[in-house]
Amino acid sequence: MTDATATPSMLAAAAPQSERISPRRLIAFLIMVFGMFMAILDIQVVSASLSEIQAGLSASSSEVSWVQTSYLIAEVIAIPLSGFMSRALGTRMLFAISAAGFTVASFLCGFASTIEQMILWRAVQGFLGGGMVPTVFASAYIVFPRSKFHIVGPIIGLVATLAPTIGPTVGGIITDLMSWHWLFFINILPGIGITIGVLALVDFDEPNFALLNRFDWWGLVTMAGFLGSLEYVLEEGPQYEWLQDPIVAACAAVCVVSAIFFFYRVLTAEEPIVDIRTFTNRNFAVGCLISFCVGIGLYGLTYIYPRYLAEVRGYSALMIGETMFVSGITMFLTAPLVGRLMQKYDMRYIIAAGIIIFALGSWQMTWITRDYDFYELLVPQILRGVGMMFAMVPTNNIALGTLPPERVKNASGLFNLTRNLGGAVGLALINQVLNERTDLHISRLQDRVTWGNTTATETLNMFAQKFQGMGDASLMAMKQLSQLVHRQAVVMGYGDAFFILTVFYFGLSLMVLLLNKPAAMPSAEPAH
């Protein structure tokens, strides 16, 4: 029977059938989501226990930082590459290879006996884990009909934001209860299960092996040089005074030269390794920009809160994790609410509301003192969790959910890359602000803490009395006062960093005006 002769009642009955999600596909997708969660979580889990890894491998502080840096550099190269590889190998094979390789690399990281071995296997782990993240985003917006985006959108949005947030908690608990080796061993059983599950259930698309014959090796080399050196400069720049360090300066030069050749290559190659023409879609381009800026807050605050709690409050990794868990719970509870709001309201307003709520959470922290503890951090962390979910989930939908299905795989890699680069830029800027503002406040406080300052003199005398009979009381009192001044300067530096984030995010909320209202689209079927 043709469409012309189909009755309205028959069409109405057929519509829900096409909108249904088969249980097999839903289970396959959830298995992939768990793999993505594992890959993202692994970054922050390890960051909370670097000191234990350093002691276990007898490494220096500069060497152990490469445990993180090698993972991030490899991951940032793999994420944009995943679009091409997903089209060539198919979702099923690419994800299974990524999950299996990630699991093997985790096993080898756990058994690493030298820092060099750890850095090598962390790089392998980052490269293979990086392929899982954009593949899940792409699958969400290709496999499911548009009418279900309000369900799958919050799921991937929750995982992408929750995993970095609860990482310090999970890392602290595992290291406290067992040892740092189990940060890696804990991936093995889930990794095996994910690999088997994906091979058995995923049937979203078909591979196109012919693409591999046109693989752009020069594109890969220039992209690796561009993104890898950029990540290194952003990671190491703040602590080595940027271009004053010869290695950072050399990597910056490699980054610039590689970027020029990379953009030339992707615009002229027959089958570019990354299709940057997707940025001609206005909603995708603005969505990526918002994602970049949200990444600054997502990774920046996941760094700044634990650093304050460790540096000023003297918290252990486990205590930091317990304090940070508030944002994780908030995100988990907010995700279903965001899904419902997306059905009723313009997503641009939800994004703006989320960014403003996030800014309010940062603004409350501008008054930070050295006495800020769990209860003082409670409301800012709740606002942070709510704001992050409100901003992230609709941005995912507007950027990826409105693209034609055949462009989503490539676009997903670029979209996830912007969030990670935002995080790298955010960490570099926050470190720079903390260093510069702390130095400035130390200078100003030392100018005021003089013999002519009554409060300073009384405090010094009080310390001197306390140390009587314990050695050189006056010298010990001066040292104690100096430590007090330094700690106060550090806290004031944190306040400045939160103020800059507040102003930045209030300004960012206006960017939603650049977005076109997303038009309704027919449900997207997977391309075969």
Flag side-chain contact, heavy atom, 4.5 Å: Leu515 against Ile290: yes

Point-to-point distance, once rounded to the nearest 0.5 Å, from OG1 of Thr330 to CG of Leu383: 9.0 Å

Euclidean distance, Arg348 CZ relative to Ile351 CD1, rounded to 0.5 Å: 9.0 Å

Side chain to side chain contact (heavy atoms under 4.5 Å, CB included) between Trp121 and Val104, intermediate numbers included: CA-CA 9 Å; Trp121 297 124; Val104 172; over 6 Å; no

Residue pair Val170, Leu183: steps toward the side chain to side chain contact (heavy atoms under 4.5 Å, CB included) verdict: CA-CA 9 Å; Val170 176; Leu183 296 172; over 6 Å; no

Asn431 side chain to Tyr303 side chain, donor-acceptor N/O pair below 3.5 angstrom: yes

CA sep, side-chain torsions, deciding dist, call: Phe263, Phe226, ring-ring contact (aromatic ring centres under 6.0 Å, His included): CA-CA 10 Å; Phe263 285 111; Phe226 167 40; 5.7 Å; yes

Residue pair Arg419 / Val133, side-chain heavy-atom distance below 4.5 Å: yes

Close side-chain approach of Tyr232 to Leu72, heavy-atom, < 4.5 Å: no

Within-4.5 Å side-chain heavy-atom neighbours: Ile156 and Val136: yes

Distance-only polar pair, side chains of Thr278 and Asn410, donor-acceptor under 3.5 Å: yes

Separation of Ser412 OG from Arg407 CZ (nearest 0.5 Å): 14.0 Å

Close side-chain approach of Ile355 and Phe390, heavy atoms under 4.5 Å: no

Side chain to side chain contact (heavy atoms under 4.5 Å, CB included) between Gln381 and Tyr305, intermediate numbers included: CA-CA 10 Å; Gln381 288 215 78; Tyr305 275 110; 4.3 Å; yes

Main-chain N/O of Cys293 paired to Tyr505 side chain as donor or acceptor, under 3.5 Å: yes

Whether Ser258 side chain and Cys255 backbone form a donor-acceptor pair below 3.5 Å: no

Flag side-chain contact, heavy atom, 4.5 Å: Phe284 against Leu400: yes

Test log, rule ring-ring contact (aromatic ring centres under 6.0 Å, His included), inputs Trp218 and Tyr264: CA-CA 11 Å; Trp218 283 112; Tyr264 170 78; over 10 Å; no

Under the ring pair (Phe, Tyr, Trp, His ring centres under 6.0 Å) test, residues paired with Phe29 that sit two or more places apart: Phe144

Derivation and outcome, ring-ring contact (aromatic ring centres under 6.0 Å, His included), residues Phe215 and Phe84: CA-CA 9 Å; Phe215 187 83; Phe84 179 92; 5.3 Å; yes

Arg282, CZ atom: more than 12 neighbouring heavy atoms under 6.0 Å: yes

Phe415 and Phe137 aromatic ring geometry - parallel, tilted or perpendicular at 30°/60° bounds: tilted

Expected output: side-chain Thr222 to main-chain Gly219 donor-acceptor under 3.5 Å: yes

Trp180 atom CH2: more than 12 heavy-atom contacts under 6.0 Å: yes

Heavy atoms of other groups near Ile247 CD1, more than 12 under 6.0 Å: no

Salt-bridge present (Glu75, Arg122; N to O < 4.0 Å): no

Reported CG-to-CG distance for the pair Leu427 and Leu429, which is rounded to 0.5 angstrom: 9.0 Å

From CA spacing to verdict: ring-ring contact (aromatic ring centres under 6.0 Å, His included), Tyr372, Tyr494: CA-CA 12 Å; Tyr372 266 43; Tyr494 282 111; over 10 Å; no

Thr91 vs Thr135, side chain to side chain contact (heavy atoms under 4.5 Å, CB included): CA-CA, chis, key distance, verdict: CA-CA 7 Å; Thr91 300; Thr135 308; 3.7 Å; yes

Side chains of Phe358 and Leu508 in contact at under 4.5 Å (non-hydrogen atoms): no

Any side-chain heavy-atom pair of Ser86 and Phe95 under 4.5 Å: no

Short side-chain donor-acceptor distance under 3.5 Å, Gln125 and Ser106: yes

Value rounded to 0.5 Å, distance of CD1 in Ile296 from OG in Ser291: 10.5 Å

Trp242 atom CH2: more than 12 heavy-atom contacts under 6.0 Å: yes

Pairs involving residues 331-354, ordered by first then second residue, that meet ring-ring contact (aromatic ring centres under 6.0 Å, His included) (sequence neighbours left out): none

Between Arg384 and Ser327, a side-chain donor and acceptor under 3.5 Å: yes

Heavy-atom donor-acceptor pair, Ser362 side chain to Thr502 backbone, under 3.5 Å: no

Plane angle bin for Phe34 and Phe37 - parallel if under 30°, tilted between 30 and 60°, otherwise perpendicular: parallel

